[in-house]
Novice: 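Structure in structure tokens, see below.
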2 protein chains.
Amino acid sequence: MNGGPNKPRGRDRVMSEAAALFVQQGYAATSLRQIAEAVQIKAASIYHHFDSKEDLFGTVLNQGIAVMVDAFERAAALDQPMDDQIKQHVRAHLGALFEHGPFTAAHVTAFFTAPPPVRAAAIPARDGYEKLWNDLLRVAFADLSDSDVHLHRLILFGAMNTTIEWFDPKGTLTLDQLADAIATQFLTGVTS
Amino acid sequence: MNGGPNKPRGRDRVMSEAAALFVQQGYAATSLRQIAEAVQIKAASIYHHFDSKEDLFGTVLNQGIAVMVDAFERAAALDQPMDDQIKQHVRAHLGALFEHGPFTAAHVTAFFTAPPPVRAAAIPARDGYEKLWNDLLRVAFADLSDSDVHLHRLILFGAMNTTIEWFDPKGTLTLDQLADAIATQFLTGVTS
DNA sequence: GTCTATAACATGATAGAC
DNA sequence: GTCTATCATGTTATAGAC
């Protein structure tokens with residue numbers, strides 16, 4: 001039984017505190033001293049775990065993707081009608097963003113604040129996740145062209161990822177309701 | 001006749017070069033020396049036009065809102081069926097993002113990288129723009145609750161604003177087509 | 001695995017000449 | 001309105017003790 005969120009130790013602790021700060025402030029505005037303070041160590045100690053600030057951030061980005069891919073694959077295991085499958089995957093994506101640590105959130109909000117080399121290194125894994133979605137939607141909308149599927153996936157991703165800027169998991173709207181609203185708007189529009 | 005995009009001079013030039021850099025790199029990663037280099041002046045000269053880096057960025061943010069509000073109001077002047085009105089406003093919002101200088105883009109991509117005081121100062125104007133949309137959508141979807149209208153506006157904004165991360169105005173997809181795709185997905189879903 | 005001390009550099013900002 | 005020169009501070013990163 002996993003009774004609660006055991007705070008990670010050592011390297012993992014550095015990663016998750018760093019990710020949380022990158023989410024709030026972006027890459028450049030977050031200093032190693034700030035991260036160290038959150039972990040309750042000194043800045044120089046971070047270099048025992050990571051080669052550089054860029055290395056640390058690259059690791060955070062990759063972890064963010066891994067969380068998303070993992071969520072997608074667990075949602076894919078369920079066999080359901082296509083509309084429900086899509087809704088499950090929207091829910092899984094939002095779960096990765098809000099319920100599985102700050103890594104995916106860091107990927108979404110801080111990706112474009114990263115130095116170009118760090119961004120470039122994260123792109124292959126990112127493409128892999130996007131391919132999972134493209135394949136799903138190609139099946140769901142078999143009558144659409146590949147470029148239309150791609151376009152509507154981008155619009156859907158925009159809708160999902162921007163929730164990080166305003167959705168409050170402790171508010172009255174639940175994640176299930178949010179996933180439902182986004183999936184419905186995606187599938188049948190607002191008027192339905 | 002405005003034959004072409006005359007490069008602005010003086011203070012305006014500083015603002016637009018700064019906005020372009022803030023879009024690409026965020027607030028913290030953009031230095032005054034970088035901005036000065038783009039304007040072809042020295043960093044200290046920026047202080048003749050602005051009190052501080054925060055002042056400069058705050059001015060950029062406000063200009064970004066002003067461009068959006070202006071685009072919205074010119075779209076509102078047209079009297080059309082509601083679905084076309086919404087499509088016109090989506091097109092206007094995207095126009096503000098891609099066709100009227102880097103100010104609106106800076107607002108969208110760099111707003112959350114700004115120091116909290118700067119962000120706070122920009123919120124009233126930002127709220128004003130969001131109210132324009134809420135009022136429009138309340139009329140369009142009179143059967144929905146205010147909170148549902150608000151929710152679906154947030155989802156729509158996410159879809160529109162994230163296009164800044166991937167849409168290429170020089171690519172094969174035109175802004176009109178993009179606006180059409182987003183408005184259609186919003187109004188009737190992907191399947192239509 | 002964490003510390004202290006420090007190097008090497010970049011940053012925002014100011015003073016004052018022209 | 002722009003410049004040069006400079007200050008004070010904060011940054012990433014390294015060296016070496018414990």
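Throughout, a chain's letter reflects where its sequence line sits, starting with A, and its residues are numbered from 1. If you're wondering where the values come from, they're calculated on a predicted model, not measured in any experiment.
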Novice: Have a look at A:Ser45 and say if it touches a base, only the backbone sugar-phosphate, or nothing, with a 4.0 Å heavy-atom cut-off.
Specialist: base
Novice: Tell me which pairs pass side-chain hydrogen bond (donor to acceptor under 3.5 Å, both in side chains) where either residue lies in residues 52-65 of chain A, with sequence neighbours left out.
Specialist: none
Novice: Reckon B:Ala43 touches a base, only the sugar-phosphate, or nothing at all at heavy-atom distances under 4.0 Å?
Specialist: nothing
Novice: Are OP1 or OP2 of C:dC3 and a side-chain N or O of A:His48 less than 4.0 angstrom apart?
Specialist: no
Novice: Without decimals, in angstroms, what is the distance between A:Tyr27 OH and D:dT12 C1'?
Specialist: 9 Å
Novice: Looking at B:Met160, is its backbone amide N or carbonyl O close enough to the side chain of B:Thr163 to form a donor-acceptor pair, meaning the two atoms are under 3.5 Å apart?
Specialist: yes
Novice: Please determine which of B:Leu178, B:Thr174, B:Leu173 meets the side-chain contact (heavy atoms from CB on, under 4.5 Å) test together with B:Asp176.
Specialist: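 The passing option is B:Thr174.
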Novice: Side chain of A:Leu32 only, heavy atoms from C-beta on: which candidate in D:dA13, C:dT4, D:dT4 is closest?
Specialist: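 Output: D:dA13.
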Novice: Output the rounded distance in Å from OH (A:Tyr47) to C1' (D:dT12).
Specialist: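 Result: 4 Å.
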Novice: Could you give the CD1-to-C1' distance, from A:Ile46 to D:dT12, as a whole number of Å?
Specialist: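 Whole-Å distance recorded here is 11 Å.
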Novice: Starting at CD of B:Glu37 and ending at P of D:dC3, how long is that distance when rounded to a whole Å?
Specialist: 12 Å
Novice: Taking atom C1' of C:dG12 as reference, at what distance in whole Å does atom CG of B:Leu56 sit?
Specialist: 12 Å
Novice: Tell me the interatomic distance from B:Ile41, atom CD1, to C:dC18, atom P, rounded to whole angstroms.
Specialist: 21 Å
Novice: Look at the side-chain N and O atoms of A:Lys53 and state whether any lies under 4.0 Å from the OP1 or OP2 oxygen of D:dT12.
Specialist: yes
Novice: Check the distance between D:dA13's C1' and A:Ile35's CD1 and give it to me in whole angstrom.
Specialist: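 Computing the A:Ile35:CD1 to D:dA13:C1' distance gives 14 Å.
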Novice: Does anything in residues 97-107 of chain A form a side-chain hydrogen bond (donor to acceptor under 3.5 Å, both in side chains)? List the pairs, not counting sequence neighbours.
Specialist: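 Found A:Arg91-A:Glu99, A:His107-A:Arg126.
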Novice: Below 6.0 angstrom between ring centroids: does that apply to B:Phe157 and B:His93?
Specialist: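 Here the rings of B:His93 and B:Phe157 have centres that are less than 6.0 Å from each other.
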Novice: With a 3.5 Å cut-off and just heavy-atom distances, do the side chain of A:Arg33 and the base of D:dG10 make a donor-acceptor pair?
Specialist: no
Novice: In this structure, how many angstroms lie between the P atom of C:dT2 and the CZ atom of A:Phe50, rounded?
Specialist: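 Roughly 12 Å, once rounded to whole Å.
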Novice: Taking the minimum atom-to-atom distance to the side chain of A:Ser31, which one of D:dT12, C:dA13, C:dT2 wins?
Specialist: D:dT12
